[in-house]
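Presented below is the structure to which this report refers.
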Amino acid sequence: MIVESQGVKLTQEIFRKAVLQANTRRKDDACRKLDFYNDEQSSHILTQIASVYKKPENINPVSVNITRKIIKALAVVYLQDAVRSIDGSKQDQKIYAQVEDSASLPLKMKLANRYAKLLGSILLRPVWRGGKMDLDVLTPDVLDVFCGDSPEDLLGVMITLFDDSGRQTEVQYSLWTPETVQRLDYRFNVIAEEPNPYGVLPFVPVFSTIPTTDFWLPGANDLMLVQDAINERLVDVWHTLRFQSFGVCYVKGAKKDGRPTSTIDLGPSAMLFLPENGEVGFASPDAPIQDSLASIEFLMKQAAITNGLPASSMSLDPTEQSGISRIVGNSELEEQRRDDIAMFAKVEQQLFEVFRAVWNVHNQADKMNEAATVRVDFYDPKPTVTATEQAKEWQGLLELGLISPVDILIERNPDLSRDDAKAELLRIRDELKEFQQFV
């Protein structure tokens with residue numbers, strides 16, 4: 001019986017260490033992706049250089065950030081901010097408008113879309129901070145999650161809290177469940193515990209695609225491989241240009257003090273005495289620069305194509321291309337955006353519910369109605385048309401009763417609210433009446 005107990009403990013310890021190692025690799029991988037996206041690639045490139053060159057200290061790191069370019073091109077749910085409408089009382093509408101503003105929801109949701117594409121899985125956390133609502137975008141490098149029967153059945157979340165000292169012994173963890181909030185030390189011992197004031201997990205998962213077996217999705221692993229290959233080739237090209245861009249002087253048959261020599265001091269006033277058949281000249285290295293550049297461009301274009309983008313988006317010849325032009329006419333990217341919008345519609349619904357739960361706990365006298373719901377209208381990109389074509393389209397929709405002049409004015413100026421647009425239309429109507437006598 002004792003032997004069996006020891007065997008069970010040993011198995012559990014081996015499993016615990018295996019899980020810990022897997023989580024460490026996952027978090028390191030997330031840190032690396034974030035570094036690549038945020039233009040902090042130099043330390044990773046130096047590691048590559050050290051594995052190839054004997055004197056890495058003499059080699060300069062070089063990179064072109066295709067990771068961020070492709071991620072931004074793929075994350076197109078929020079080309080323009082979604083329009084959120086609250087089905088509830090005027091107080092509910094006013095409160096959520098405050099939440100959108102204080103939490104910087106347009107910018108945070110665009111970042112969430114990009115980070116989900118990059119990292120595969122992230123969490124959004126509505127939080128009451130400084131007397132107002134805010135929204136944290138939490139990345140896998142500081143997260144551990146506990147799921148139920150499916151990856152979307154979130155049962156618990158643990159956040160790593162790093163200390164400014166950088167010492168491992170100062171690291172703490174915040175463990176959330178629907179019932180409790182615990183503070184753990186670096187050995188995962190409970191040092192503080194309190195009830196969860198919200199009664200729910202104040203976290204909303206965001207995925208790059210629908211998870212099936214695991215909460216943590218791979219994200220942009222293919223981009224990391226391509227980015228590594230491009231960085232390596234760029235370093236090679238730069239190193240080659242540095243040492244082989246100029247002609248090299250050579251002297252055949254020369255001797256110094258009667259002995260063959262490999263170096264001779266030369267200058268404008270120098271004179272060389274060469275033996276019979278001696279020769280002085282300059283050799284021009286023939287480095288395969290163009291071939292290397294062609295291979296880099298090939299990698300960049302293949303990375304774009306395999307992610308549903310046109311090869312022209314990675315052309316070395318700069319071209320102006322808007323987010324709309326990338327999508328319209330690109331069936332693969334259009335389908336991908338529709339799938340992403342379906343997922344983010346669910347995220348927006350969950351986010352609204354968590355915002356309401358957190359808000360109501362901290363604002364007992366000014367609560368949001370539990371029956372209130374949110375409707376989200378995502379921006380629909382359209383192909384570029386001429387002013388004449390646009391006017392004809394608006395006129396047709398007006399005649400069919402499908403839009404009003406207010407909708408047209410808001411489309412022309414998305415920063416206007418409906419009330420502002422109505423006021424502007426009334427001003428325009430009055431001015432037209434005023435000047436009609438001069439027509």
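For clarity, every value in this text was computed on a predicted model and none was experimentally measured.
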For Glu170 and Asp163, indicate whether the former's side chain and the latter's backbone hold a donor-acceptor pair under 3.5 Å. no
Please check if the side chain of Gln227 supplies one atom and the backbone of Thr67 the other of a donor-acceptor pair under 3.5 Å. yes
Phe378/Phe344 aromatic ring centres below 6.0 Å: no
Would you kindly say whether Asn65 and Asp39 are connected by a side-chain donor-acceptor distance under 3.5 Å? yes
Sidechain-backbone polar pair: Arg114 side chain, Ile71 backbone, donor-acceptor under 3.5 Å: no
Of all heavy-atom pairs linking Val354 and Pro126, the shortest is CG1-CG, 3.5 Å
Do the side-chain N and O atoms of Asp185 and Gln172 include a donor-acceptor pair separated by under 3.5 angstrom? no
Is it true that Arg183 and Glu194 make a salt bridge, defined as a side-chain N closer than 4.0 Å to a carboxylate O? no
Hey, does the side chain of Asn363 reach the backbone of Trp359 with a donor-acceptor pair shorter than 3.5 angstrom? yes
For residues Gln91 and Asp366, is any side-chain donor paired with an opposing acceptor at under 3.5 Å? yes
Look at the side chain of Arg356 and the backbone N and O of Glu370, then say whether any donor-acceptor pair between them is shorter than 3.5 Å. yes
Sidechain N-carboxylate O distance under 4.0 Å for Lys367, Asp92: no
In terms of heavy-atom contacts, does CZ of Arg412 have more than 12 from other residues, nucleotides or ligands at under 6.0 Å? no
Side chains of Val181 and Leu175: does their closest heavy-atom pair fall under 4.5 Å? no
Counting distance only, does the side-chain N/O of Thr180 pair as donor-acceptor with the main-chain N or O of Trp176 below 3.5 Å? no
Is there a donor-acceptor contact under 3.5 Å from the side chain of Asp134 to the main chain of Val127? no
Taking only Lys NZ, Arg NE, NH1 and NH2, and the carboxylate oxygens of Asp or Glu, determine whether Arg129 and Asp136 approach each other closer than 4.0 Å. yes
Is there a donor-acceptor contact under 3.5 Å linking the side chains of Ser417 and Asp419? no
When you measure from the side chain of Gln349 to the backbone of Val374, do you find a donor-acceptor pair of N or O atoms at a distance under 3.5 Å? yes
Using side-chain heavy atoms (C-beta onward) and a distance below 4.5 Å, is Val171 in contact with Leu161? no
For residues 213-223, dump all side-chain donor-acceptor pairs below 3.5 Å to protein atoms at least two apart in sequence or in another chain.
| residue | atom | partner | partner atom | Å |
| --- | --- | --- | --- | --- |
| Asn221 | OD1 | Lys33 | NZ | 2.7 |
| Asp222 | OD2 | Asn307 | ND2 | 3.4 |

Is there a donor-acceptor pair closer than 3.5 Å between any side-chain N or O of Arg375 and the backbone N or O of Ile86? no
Return all side-chain donor-acceptor pairs below 3.5 angstrom for residues 199-212, not counting sequence neighbours, or 'none' if the list is empty.
none

side-chain hydrogen bond (donor to acceptor under 3.5 Å, both in side chains) between Gln41 and Asn231: does it pass, once the steps are laid out? CA-CA 9 Å; Gln41 301 185 28; Asn231 290 346; 2.9 Å; yes
Taking it one step at a time, do Arg84 and Asp377 satisfy salt bridge (Lys or Arg N to Asp or Glu O under 4.0 Å)? CA-CA 6 Å; Arg84 301 169 182 89; Asp377 184 15; over 6 Å; no
Are the charged groups of Asp340 and Lys117 less than 4.0 angstrom apart, N to O? yes
Could you check whether Asp144 pairs with Lys27 (Lys NZ or Arg NE/NH1/NH2 to Asp/Glu carboxylate O, under 4.0 Å)? yes
Without swapping roles, check the side chain of Asn38 against the backbone of Leu34 for a donor-acceptor pair under 3.5 Å. yes
Please evaluate residues Glu152 and Lys346 with respect to the criterion salt bridge (Lys or Arg N to Asp or Glu O under 4.0 Å), reporting the C-alpha separation (whole Å), side-chain torsions for both, the decisive distance (0.1 Å), and the verdict. CA-CA 12 Å; Glu152 296 177 272; Lys346 182 178 179 181; 3.3 Å; yes
Give a yes or no on whether Asp153 atom CG has more than 12 heavy-atom contacts from other residues, nucleotides or ligands under 6.0 Å away. yes
